[in-house]
Visitor: 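Shown below is the structure under consideration.
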Amino acid sequence: MENKRVYITILSDSLEKKLDVLKKLLLVTKEQNMILSEKDIDKVDVDGFDTAVDKKEKLIGQMQELDKGFDTVYAKVGRFLSENKGEYKPEILKMQNLIRSITDIGVQLESLEQQNKTKFNTFIRNKRHAINDFKQSNRVATSYYQNMSNQHREWQSHFLDQKK
């Protein structure tokens with residue numbers, strides 16, 4: 001019985017840690033949103049965005065570990081909890097509230113991620129457009145210089161008027 005209480009405490013602690021990780025993940029996702037909100041594509045902090053992606057990767061790894069641990073412990077005491085709801089009502093209510101909070105943040109994250117995806121796709125599209133414009137300008141300039149250099153022939157003198 002005392003052993004079960006330890007497992008229940010572990011479940012609750014795991015949910016609290018997951019909530020903390022999700023809050024951090026939400027902050028990093030908001031940071032990405034701010035970076036992608038820059039109107040001038042040349043001023044977008046690409047390094048900051050990459051750093052945020054790295055942070056998110058680590059946080060997601062932590063969440064996956066917490067989920068695995070939670071599932072393992074729940075497999076041991078889930079049935080016991082279901083059968084003894086009255087005895088562990090405060091603990092169950094606490095975990096239900098944590099799960100609601102986790103779900104709320106998950107919904108916020110999903111919405112923000114969708115916004116970020118749209119902004120990121122717009123950024124990429126604008127960057128590609130800028131690259132294509134640069135390439136085209138480069139081709140025009142190269143063509144111009146080639147044409148200008150081909151205007152002079154060795155047998156022609158720059159100092160004499162050819163129409164005489």
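Just so you know, these numbers come straight off a predicted model, no measurement behind them.
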Visitor: Quick check on the hydrophobic clustering: are L36 and V53 connected, directly or via other members, by side-chain heavy-atom contacts under 4.5 Å?
Guide: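 Yes: a chain of side-chain contacts under 4.5 Å links L36 to V53.
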Visitor: Kindly write out the residues that satisfy side-chain contact (heavy atoms from CB on, under 4.5 Å) with Q115, not counting sequence neighbours, or none if the list is empty.
Guide: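 In terms of side-chain contact (heavy atoms from CB on, under 4.5 Å), with neighbours along the sequence ignored, Q115 is linked to N33, S111, L112.
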Visitor: Name all residues meeting the salt bridge (charged side-chain N to carboxylate O under 4.0 Å, His left out) criterion together with D45; count only those two or more places apart in sequence or in a different chain, and write none if there are none.
Guide: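 For D45 there are no salt bridge (charged side-chain N to carboxylate O under 4.0 Å, His left out) partners, ignoring immediate neighbours.
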Visitor: Please give me the minimum heavy-atom distance between T29 and N116, naming the atom from each residue.
Guide: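 In terms of heavy atoms, the two residues are closest at O-ND2, 3.2 Å.
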Visitor: Assess whether atom CD of E57 is packed by more than 12 heavy atoms of other residues, nucleotides or ligands within 6.0 Å.
Guide: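 Open: at most 12 neighbouring heavy atoms sit under 6.0 Å from CD of E57.
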Visitor: Could you tabulate the donor-acceptor pairs under 3.5 Å formed by side-chain atoms of residues 69-76, not counting sequence neighbours?
Guide:
| unit_1 | atom_1 | unit_2 | atom_2 | d |
| --- | --- | --- | --- | --- |
| T72 | OG1 | K68 | O | 2.9 |

Visitor: Can you list every side-chain hydrogen bond (donor to acceptor under 3.5 Å, both in side chains) pair that touches residues 13-27, not counting sequence neighbours?
Guide: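 Pairs touching residues 13-27 that pass the test: E16-K94, K18-D67.
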Visitor: Not counting sequence neighbours, which residues clear side-chain contact (heavy atoms from CB on, under 4.5 Å) with D104? List them please.
Guide: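 side-chain contact (heavy atoms from CB on, under 4.5 Å) check on D104 returns nothing, list empty.
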Visitor: Rounded to the nearest 0.5 Å, what separates atom OG1 in T103 from atom CG in L98?
Guide: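 It comes to 10.5 Å.
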Visitor: Using the test salt bridge (charged side-chain N to carboxylate O under 4.0 Å, His left out), find all partners of K127 that sit at least two apart in sequence or belong to another chain.
Guide: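 Residues passing salt bridge (charged side-chain N to carboxylate O under 4.0 Å, His left out) with K127: D42.
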Visitor: Starting at CG of L66, measure out to CG of L19 and round the result to the nearest 0.5 Å.
Guide: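 Here the rounded value is 11.0 Å.
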Visitor: Is there a path of hydrophobic side-chain contacts, each under 4.5 Å between heavy atoms, that joins V6 and I92?
Guide: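 In one cluster: yes.
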Visitor: In Å, rounded to the nearest 0.5 Å, how long is the span from CG of L59 to CG of L22?
Guide: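 It comes to 9.0 Å.
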Visitor: If two hydrophobic side chains count as joined below 4.5 Å and joins carry through other members, does M63 share a cluster with L27?
Guide: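 No; tracing contacts between hydrophobic side chains, which count when under 4.5 Å, never links both residues.
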Visitor: Holding to side-chain contact (heavy atoms from CB on, under 4.5 Å), I want the full list of residues that pass it with N97, two or more places apart in sequence or in another chain.
Guide: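 Only R100 meet the side-chain contact (heavy atoms from CB on, under 4.5 Å) criterion with N97.
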Visitor: With a 3.5 Å distance limit and no angle check, can you tell me whether S12 reaches the backbone of I8 through a side-chain donor-acceptor pair?
Guide: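 No, the answer is negative, given that no donor and acceptor are paired below the 3.5 Å cut-off.
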Visitor: Tell me, which pairs form a salt bridge (Lys or Arg N to Asp or Glu O under 4.0 Å) where one or both residues lie in residues 28-40, sequence neighbours left out?
Guide: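 Matches after skipping sequence neighbours: E31-K55.
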Visitor: Going by salt bridge (charged side-chain N to carboxylate O under 4.0 Å, His left out), name the residues that satisfy it together with R128, two or more places apart in sequence or in a different chain.
Guide: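 Residues passing salt bridge (charged side-chain N to carboxylate O under 4.0 Å, His left out) with R128: none at all.
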Visitor: Any chance you could measure L15, atom CG, to I99, atom CD1, to the nearest 0.5 Å?
Guide: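 Reported value, rounded in 0.5 Å steps: 5.0 Å.
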Visitor: Once rounded to the nearest 0.5 Å, what's the spacing between atom NZ of K89 and atom CD of Q96?
Guide: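 Answer for the NZ-CD pair, K89 versus Q96, is 9.5 Å.
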Visitor: Tell me which pairs pass salt bridge (Lys or Arg N to Asp or Glu O under 4.0 Å) where either residue lies in residues 109-119, with sequence neighbours left out.
Guide: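 Those involving residues 109-119 are K56-E113.
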Visitor: Only pairs at least two apart or in different chains count here, so list each ring pair (Phe, Tyr, Trp, His ring centres under 6.0 Å) that has a residue in residues 2-53.
Guide: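 Qualifying pairs, neighbours excluded: F49-F120.
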Visitor: State which residues pass side-chain contact (heavy atoms from CB on, under 4.5 Å) with D54; sequence neighbours excluded, sorted by chain then number.
Guide: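 In terms of side-chain contact (heavy atoms from CB on, under 4.5 Å), with neighbours along the sequence ignored, D54 is linked to no residue.
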